[in-house]
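Let me begin by presenting the structure, written as structure tokens, before commenting on it.
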There are 2 protein chains.
Amino acid sequence: MPVSDLTNSAQDYLKLIWTATEWSETPITVTVLAERMRVRPSTASDSIKKLKDQGLLIHAPYGTIELTPAGSAHAVDMVRRHRLLETFLVQVLGYGWDEVHDEAEVLEHAVSDTMIERIDQRLGRPTRDPHGDPIPSADGQPHRPGAIQLCHAEPEGEVTVVRISDADPAMLRYFSDIGLTPDAKLTIQKQRPYTDTTTITLSGQQKNIDLGPTASNAVWVT
Amino acid sequence: MPVSDLTNSAQDYLKLIWTATEWSETPITVTVLAERMRVRPSTASDSIKKLKDQGLLIHAPYGTIELTPAGSAHAVDMVRRHRLLETFLVQVLGYGWDEVHDEAEVLEHAVSDTMIERIDQRLGRPTRDPHGDPIPSADGQPHRPGAIQLCHAEPEGEVTVVRISDADPAMLRYFSDIGLTPDAKLTIQKQRPYTDTTTITLSGQQKNIDLGPTASNAVWVT
DNA sequence: CTTCAATGTTAGTCTTGCCGAACTTGGGTG
DNA sequence: CACCCAAGTTCGGCAAGACTAACATTGAAG
């Protein structure tokens with residue numbers, strides 16, 4: 001595992017680029033990257049150039065952004081740290097699965113490799129974090145279950161929630177309230193193409209729930 | 001508790017100034033502060049001025065350095081974080097008491113107030129860290145046991161180790177090896193004034209141990 | 001094929017924290 | 001009592017990372 005001499009912000013960029021393509025094929029743009037980093041596009045553009053100069057990504061001006069193997073290795077290391085920390089906060093410190101993201105975001109830059117190893121050991125080498133995201137192993141292999149977004153799943157079938165994007169804490173809190181968590185089973189009642197709404201029923205519950213486009217994009221099922 | 005909008009380095013200065021006077025009366029100097037922060041005196045001097053401008057300490061040029069109540073509150077908060085984290089690393093993640101200092105040094109800036117509260121709760125609100133240093137309570141009260149340095153204790157008596165300075169990790173490892181830990185009992189055999197050596201016997205062990213000036217300064221007993 | 005709005009880039013500036021070099025202070029010694 | 005040296009300070013500079021403003025490119029719509 002690369003022991004990082006990169007700045008926190010460089011690590012964040014690499015992680016963001018990596019995770020952007022983890023569950024979808026569309027390449028990430030400078031603008032989206034800037035939004036996620038809560039930074040102006042000019043800043044993101046600068047940073048990209050610096051990362052390119054360090055050989056961590058490939059990028060021609062106005063072109064697509066792609067990680068090199070070196071950049072990818074750093075990114076996977078950060079993702080692993082983030083997800084192990086989230087799991088640790090839930091299992092050892094009693095955090096709710098909707099509360100851990102921001103804490104892990106900071107901690108992932110602060111903990112040593114030693115501490116990550118001890119956490120991994122203490123948790124019994126887990127393979128999925130509290131949102132259902134796969135935790136890459138220490139040798140850098142991600143562990144990707146086949147899954148599709150709820151908004152693309154066929155109506156009528158019963159499906160299992162595999163993964164919920166942790167991008168928006170408020171949305172996570174909502175999912176938590178209604179009982180939509182990783183491993184929950186649900187039936188898709190209806191898709192409404194023009195409003196992008198999906199109606200579902202959580203197994204064992206009576207009432208239907210309407211999910212808007214953002215929500216039904218964030219939930220991945222098999 | 002002050003929720004800190006200070007930079008990491010400002011927090012470090014305040015903590016260092018506070019701890020410098022925790023176990024001794026001699027006021028800290030710019031040079032010592034610079035050494036402990038691993039920066040040049042010019043940098044330390046700059047930083048002191050900035051902290052003065054923020055009302056966190058009192059300092060006339062070429063004069064002594066003293067914390068204001070506001071500065072002291074921030075410092076105590078950082079000390080509390082540091083010591084709770086050290087305790088957590090030992091008790092929950094199985095660290096040795098000689099390994100925790102550097103890890104806690106970084107983490108103390110990264111963990112949220114929420115996480116500190118959960119750790120405190122999880123540990124049962126401890127009052128002493130693994131080195132025997134008092135953990136200030138959440139309301140900012142330090143908790144100072146009466147103690148003196150081993151080099152100032154009277155020979156012949158049996159004393160109890162209360163606290164070992166965590167300034168030097170290598171020294172801690174040595175103490176750990178010979179079994180000199182907080183709460184250990186020992187007998188002081190001899191003081192040699194000119195070499196500043198102290199000879200002790202750990203209770204239940206046969207052999208005498210010679211401690212040099214640095215070591216016998218770092219150990220506090222009652 | 002032209003135009004133009006969205007996207008991306010460059011240039012210049014600010015802040016923080018660090019440095020080295022040069023200057024100032026002030027307490028102890030001859 | 002003057003001097004000197006260690007301790008402390010000031011100053012100019014540098015790098016990282018952020019910003020604003022201005023400029024460049026692309027590609028999609030007319």
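All chains are named by letter (A, B, ...) in the order of the sequence lines, taking the proteins before the strands, and each is independently numbered beginning at 1. What you are looking at is a predicted structure, and each value in this text was computed from that prediction instead of being measured.
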Review point. Between Thr87(A) and Asp129(A), is any side-chain donor less than 3.5 angstrom from a side-chain acceptor?
Key: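 Distance-only check fails for Thr87(A) and Asp129(A).
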Review point. Side chains of His101(B) and His82(B): donor-acceptor distance under 3.5 Å anywhere?
Key: yes
Check your understanding: Closer than 4.0 Å, any side-chain N/O of Ser45(A) to the OP1 or OP2 of dT9(C)?
Key ->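 Checking dT9(C) against Ser45(A), a side-chain N or O does come within under 4.0 Å of OP1 or OP2.
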**Study point:** Presence of Thr43(B) side-chain N/O under 4.0 Å of dC19(C) phosphate oxygens OP1/OP2
**Key:**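 Affirmative; the distance criterion is met.
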Donor-acceptor contacts under 3.5 Å from residues 32-48 of chain B side chains, at least two apart:
residue, atom, partner, partner atom, Å
Ser47(B), OG, Tyr13(B), OH, 3.2
Ser47(B), OG, Thr43(B), O, 2.9

So does [X] pair up with [Y], basic N to acidic O under 4.0 Å?
X	Y	value
Lys15(B)	Glu105(B)	yes
Asp120(B)	Arg83(B)	no
Glu108(A)	Arg80(A)	no

Practice item. For DNA chain C, determine which residues of residues 47-63 of chain A have any heavy atom closer than 4.0 angstrom to one of its atoms, and list them numerically. Key: Lys49(A), His59(A), Pro61(A), Tyr62(A)
Point to revise | Strand-adjacent residues in residues 30-38 of chain A, judged by heavy atoms under 4.0 Å from DNA chain C | key: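 By residue number: Val30(A), Thr31(A).
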Check your understanding: Can you name the residues that form a side chain to side chain contact (heavy atoms under 4.5 Å, CB included) with Tyr174(A), not counting sequence neighbours?
Key ->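 So Tyr174(A) forms a side chain to side chain contact (heavy atoms under 4.5 Å, CB included) with Ile178(A), Ile209(A), Leu211(A).
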Check your understanding: For the pair made of OH in Tyr13(B) and P in dT16(C), what is the distance, rounded to whole Å?
Key -> 14 Å
**Study point:** side-chain hydrogen bond (donor to acceptor under 3.5 Å, both in side chains) partners of residues 49-64 of chain A, not counting sequence neighbours, each pair once
**Key:** none
Exercise for review: Indicate yes or no: at least one non-hydrogen side-chain atom of Leu14(A) is less than 4.5 angstrom from one of Leu6(A).
Suggested key: yes
Check your understanding: Does Ser42(A) or Thr7(A) map to a spot on DNA chain D nearer the 5' end, using the closest nucleotide for each?
Key -> Thr7(A)
Practice item. Just call it for Thr29(B): base, sugar-phosphate, or nothing, with non-hydrogen atoms closer than 4.0 Å on any strand. Key: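 The residue Thr29(B) makes sugar-phosphate contact but no base contact.
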Practice item. Using the six-membered ring of Tyr95(A), assess whether NZ or CZ of Arg118(B) lies under 6.0 Å from its centre and within 45 degrees of the ring axis. Key: yes
Review point. Sub-3.5 Å donor-acceptor pair from the side chain of Glu86(B) to the main-chain atoms of Ala104(B), do we have one?
Key: no
Check your understanding: First and last nucleotide of DNA chain D in contact with chain B, 5' to 3', at under 4.0 Å to a heavy atom: what are they?
Key ->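 First-to-last contact on DNA chain D, by the 4.0 Å heavy-atom rule, is dA7(D) to dT10(D).
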